[in-house]
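Inspection log for the structure reproduced underneath, given as structure tokens.
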There are 4 protein chains.
Amino acid sequence: MGIKLSRTGDVPTQIKNSDLVKRRRKQIVDAAVQLFIEKGFHKTTTRQIAGAAGLSTGSMYEYVNSKEDILYLVCDAIHEEVEEAVSGVLASAGGRDALSRVIREYFHVCNNMSDHILLIYQETQSLPVQWRNRVLENEVRITGMFVRVLENLVSSGDLAPLDERLMELVAHNITVLGHMWTFRRWFLSRQYSIDDYVTIQTKIILGTCDGQNSA
Amino acid sequence: MGIKLSRTGDVPTQIKNSDLVKRRRKQIVDAAVQLFIEKGFHKTTTRQIAGAAGLSTGSMYEYVNSKEDILYLVCDAIHEEVEEAVSGVLASAGGRDALSRVIREYFHVCNNMSDHILLIYQETQSLPVQWRNRVLENEVRITGMFVRVLENLVSSGDLAPLDERLMELVAHNITVLGHMWTFRRWFLSRQYSIDDYVTIQTKIILGTCDGQNSA
Amino acid sequence: MGIKLSRTGDVPTQIKNSDLVKRRRKQIVDAAVQLFIEKGFHKTTTRQIAGAAGLSTGSMYEYVNSKEDILYLVCDAIHEEVEEAVSGVLASAGGRDALSRVIREYFHVCNNMSDHILLIYQETQSLPVQWRNRVLENEVRITGMFVRVLENLVSSGDLAPLDERLMELVAHNITVLGHMWTFRRWFLSRQYSIDDYVTIQTKIILGTCDGQNSA
Amino acid sequence: MGIKLSRTGDVPTQIKNSDLVKRRRKQIVDAAVQLFIEKGFHKTTTRQIAGAAGLSTGSMYEYVNSKEDILYLVCDAIHEEVEEAVSGVLASAGGRDALSRVIREYFHVCNNMSDHILLIYQETQSLPVQWRNRVLENEVRITGMFVRVLENLVSSGDLAPLDERLMELVAHNITVLGHMWTFRRWFLSRQYSIDDYVTIQTKIILGTCDGQNSA
DNA sequence: GATGAATGAGCCTTCATTCAT
DNA sequence: TATGAATGAAGGCTCATTCAT
């Protein structure tokens with residue numbers, strides 16, 4: 001978890017200087033994220049991306065082999081950001097209310113990265129299979145972080161023992177309930193602020209753990 | 001709820017015979033659903049759709065004004081099918097275990113219509129705003145059905161009184177937890193059968209209701 | 001000149017009843033003229049014409065063989081209308097001021113049928129050669145009417161003898177100067193009313209005749 | 001008048017090298033003029049234009065945004081050519097017979113550019129409004145050149161004083177009588193050579209000026 | 001390493017015309 | 001006669017990618 005393994009190394013390049021590659025790819029990804037969010041992957045042209053990234057079309061194609069490459073890079077960057085944000089809290093997570101704090105933090109990340117998360121839901125399908133799988137794995141790795149939080153809490157006694165499978169599912173639920181805010185915010189926000197949402201869902205999730213306890 | 005209001009009447013046509021319109025559109029939608037699922041909206045061509053529907057391109061465009069029309073028709077048909085399936089159970093839903101039964105049914109619908117539900121998550125964005133909104137409304141109408149189930153249970157005494165807002169959120173959770181199976185099945189199914197999934201999530205959801213009670 | 005030879009008889013039909021043909025074709029032409037003026041020949045569809053004419057597409061094609069047929073019928077109808085209007089004045093044309101009266105009348109016809117005349121300038125080219133020629137002949141036949149007026153005036157002594165070729169050219173000038181009002185009205189009308197225009201151009205044309213006299 | 005202001009700068013491009021733009025657009029316009037004259041705007045395909053211009057379709061669209069752009073470029077080029085030709089004579093126009101010389105020159109331009117002038121009469125309507133207006137303005141600017149010739153002649157005493165409005169109308173008449181040769185040449189040329197035409201019309205026009213004098 | 005012009009396959013859509021009913 | 005659904009060739013335009021400079 002401490003290892004931040006940038007998987008983007010797997011996207012091959014024409015360029016030798018690897019620092020330059022990193023720098024240019026950042027430009028590309030930053031530009032692309034915005035554009036993909038605004039107009040979607042298919043309605044964004046490579047020209048627009050290159051332009052927004054401050055590169056010529058030709059140049060861009062020396063740091064990237066296809067438009068799909070860019071999409072992968074984008075998805076990866078998004079996941080990395082989510083992961084990083086979450087792992088920040090995890091570091092300091094301990095004690096009774098660790099779970100609530102992690103949930104709160106994570107849901108706020110989801111709130112802030114709404115568009116990015118939606119992007120992944122919508123465009124992952126456009127990726128070549130291999131990369132689609134990579135993105136899906138990223139997705140479950142994030143869930144894995146929650147599993148570990150739960151495990152720690154149980155082992156520290158801060159949480160009553162939980163069935164292994166249940167624990168995993170609870171982690172998935174946390175993940176997806178965070179996402180839910182991103183695709184239903186347009187509706188939910190009529191009645192709930194993000195804080196309301198966090199509060200209630202937290203109760204529900206914790207209730208799950210407790211309730212299950214007594215079941 | 002009993003009224004099956006086909007909203008597709010809003011998509012205008014060149015053809016006068018409205019029975020024919022219904023028939024041809026079914027051909028079109030049936031063809032398109034498959035193709036969209038296989039290759040995505042953008043990688044499916046109108047010629048492919050027309051061909052698969054057994055129509056000439058020209059003919060197809062007498063029943064539809066654009067490729068986007070087709071996408072809308074597809075989304076609408078999917079929602080209609082989901083709604084219909086769910087409302088089937090609702091009719092006979094009563095008594096203590098009504099909620100479990102509805103959940104089970106709904107989750108099975110999600111399981112069966114996995115690809116269709118994914119399709120909606122992925123392609124709704126490609127719709128013109130007005131129709132995108134229509135599709136989103138369909139989405140919450142389905143959630144509304146669960147709200148009503150909960151209300152009925154509470155009012156019949158089969159469920160302990162629930163805060164109004166909580167009830168709504170529970171309904172959303174049910175909806176989205178059903179969807180979760182569609183986008184995480186590739187992973188979850190390694191450890192859970194759909195029935196396992198139903199069982200555990202049902203417990204969690206019911207726990208929510210009970211647990212909340214005691215909170 | 002007295003003979004109103006409807007040249008439209010040359011456009012063949014499927015239908016026997018020739019009165020019906022005449023009636024239906026009138027519907028078609030009336031509809032088409034408006035549409036062609038509004039949107040031009042190419043941007044008007046046969047469907048629109050049929051619709052506006054109160055016929056089904058199929059029906060229309062029983063009175064007409066092609067879209068070009070319709071254009072020809074339209075051009076012909078316009079010319080017939082112009083011709084008729086002009087020949088009305090001719091009948092009563094005599095005496096010193098006959099020429100001014102004819103000019104005034106004709107220019108007012110041009111003013112009223114501005115759009116129609118423009119239509120002919122713009123779309124004649126889209127006609128099959130044979131019909132294009134027919135339309136061009138119509139055009140010169142109208143000019144011929146002015147030639148005859150001049151001849152009559154000369155032979156009645158109301159106009160000084162004019163060189164034959166000059167006379168013909170004057171007739172063409174009258175015709176085209178009438179048209180000029182239609183394509184330059186947008187500009188000319190800033191400074192001249194149609195009546196100003198008539199007055200001045202008449203002077204110029206008459207001056208031509210007189211001036212030429214003394215030359 | 002000495003300033004040749006190419007208005008085509010208003011048509012935007014993807015290409016940065018503006019010399020190249022000029023060169024390629026010349027290829028495009030040259031090809032298009034021929035094709036439009038031969039078959040008309042609507043029956044010419046963009047592929048044909050690109051082909052005749054020695055470009056790929058894609059390439060052509062880097063220099064132009066639509067087929068209508070091409071039509072505008074064509075109309076503009078034609079007007080520029082006419083203007084240039086006429087302004088050539090104007091430069092050396094002075095003395096008694098200046099007007100005749102200008103008329104002769106202009107009518108010969110019309111004779112040589114017959115097809116081009118017809119093209120403008122026929123296809124201007126297919127232009128988006130804004131450009132249509134531009135073309136119409138070009139048209140009156142050319143007329144303006146004749147107005148100025150007349151003014152000079154009057155002020156130099158080579159022509160008797162003329163009413164301002166009359167002068168303007170005479171200029172329009174010159175312009176349109178030149179055009180007349182283009183749309184009626186098919187008929188007129190049976191009896192008049194272009195030189196005959198020039199001679200007679202010149203007399204008529206000059207007669208106008210003189211005759212009007214005495215009126 | 002960078003640039004940006006060139007490419008051309010392919011897409012969505014239109015519409016004049018026909019023909020079975 | 002009248003209807004209107006069906007046809008399919010063709011058209012305008014886009015855009016990911018390449019490559020000469």
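So that the names make sense, note that chain A is the first sequence line, chain B the second, and so on, each numbered from 1.
Nucleotide dC11(E) holds its C1' atom 11 Å from the CD atom of Gln48(B), rounded to whole Å. Rounding to whole angstrom units, CZ of residue Arg47(A) and C1' of dC13(F) are separated by 13 Å. One interatomic measurement links the two molecules: NZ of Lys43(C) to C1' of dC15(E), which rounds to 15 Å at whole-angstrom precision. Rounding to whole angstrom units, NZ of residue Lys39(B) and P of dG10(E) are separated by 13 Å. Rounded to an integer number of Å, the gap from CG of Asp69(B) to P of dT13(E) is 9 Å. The nearest whole Å value for the distance from the CD atom in Glu68(B) to the P atom in dC11(E) is 17 Å. Atom P of nucleotide dT3(F) and atom CD of Glu62(C) are separated by 10 Å, given to the nearest angstrom. Computed from coordinates, the Asn65(C) CG to dT17(E) P distance equals 9 Å when rounded to whole Å.
For Thr57(A), the listed nucleotide lying nearest its side chain is dA5(E); candidates were dG4(F), dA5(E), dT14(F). When distances are taken from the side chain of Tyr61(C) to each of dC13(F), dT3(E), dT18(E), the shortest belongs to dT18(E). With dT1(F), dT7(F), dA5(F) as the candidates, the nucleotide lying closest to the side chain of Asn17(C) is dT1(F). The side chain of Leu20(B) has dA5(F) as its nearest neighbour among dT13(E), dG4(F), dA5(F). In this structure, of dA6(F), dT17(E), dT3(E), it is dA6(F) that holds the atom nearest to the side chain of Tyr63(B).
When heavy atoms are screened at a 4.0 angstrom cut-off, Thr13(A) is found touching no nucleic acid atom at all. Contact annotation for Thr45(C): backbone-only contact, meaning every heavy-atom pair under 4.0 Å involves sugar-phosphate atoms and none involves a base. Across all strands shown, Gln14(C) has no heavy atoms under 4.0 Å from either base or sugar-phosphate atoms.
Side-chain contact of Thr13(D) with Arg25(D): a donor-acceptor pair under 3.5 Å is present, judged by distance alone.
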query: Do Asp30(C) and Lys26(C) pass the salt bridge (Lys or Arg N to Asp or Glu O under 4.0 Å) test, and can you show the C-alpha distance, the side-chain angles, and the key distance before you say yes or no?
result: CA-CA 6 Å; Asp30(C) 286 348; Lys26(C) 186 170 161 31; 2.8 Å; yes

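Shortest non-hydrogen contact noted between Val29(C) and Ala77(C) is CG1-CB, 3.8 Å.
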message: As a check on the pairing definition, encode DNA chain F in dot-bracket form, counting Watson-Crick and G-U wobble pairs whose two distances are under 3.5 Å, and using | for partners outside this strand.
response: .||||||||||||||||||||

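Under 4.0 angstrom from either OP1 or OP2 of dC12(E) there lies at least one side-chain N or O belonging to Thr46(B).
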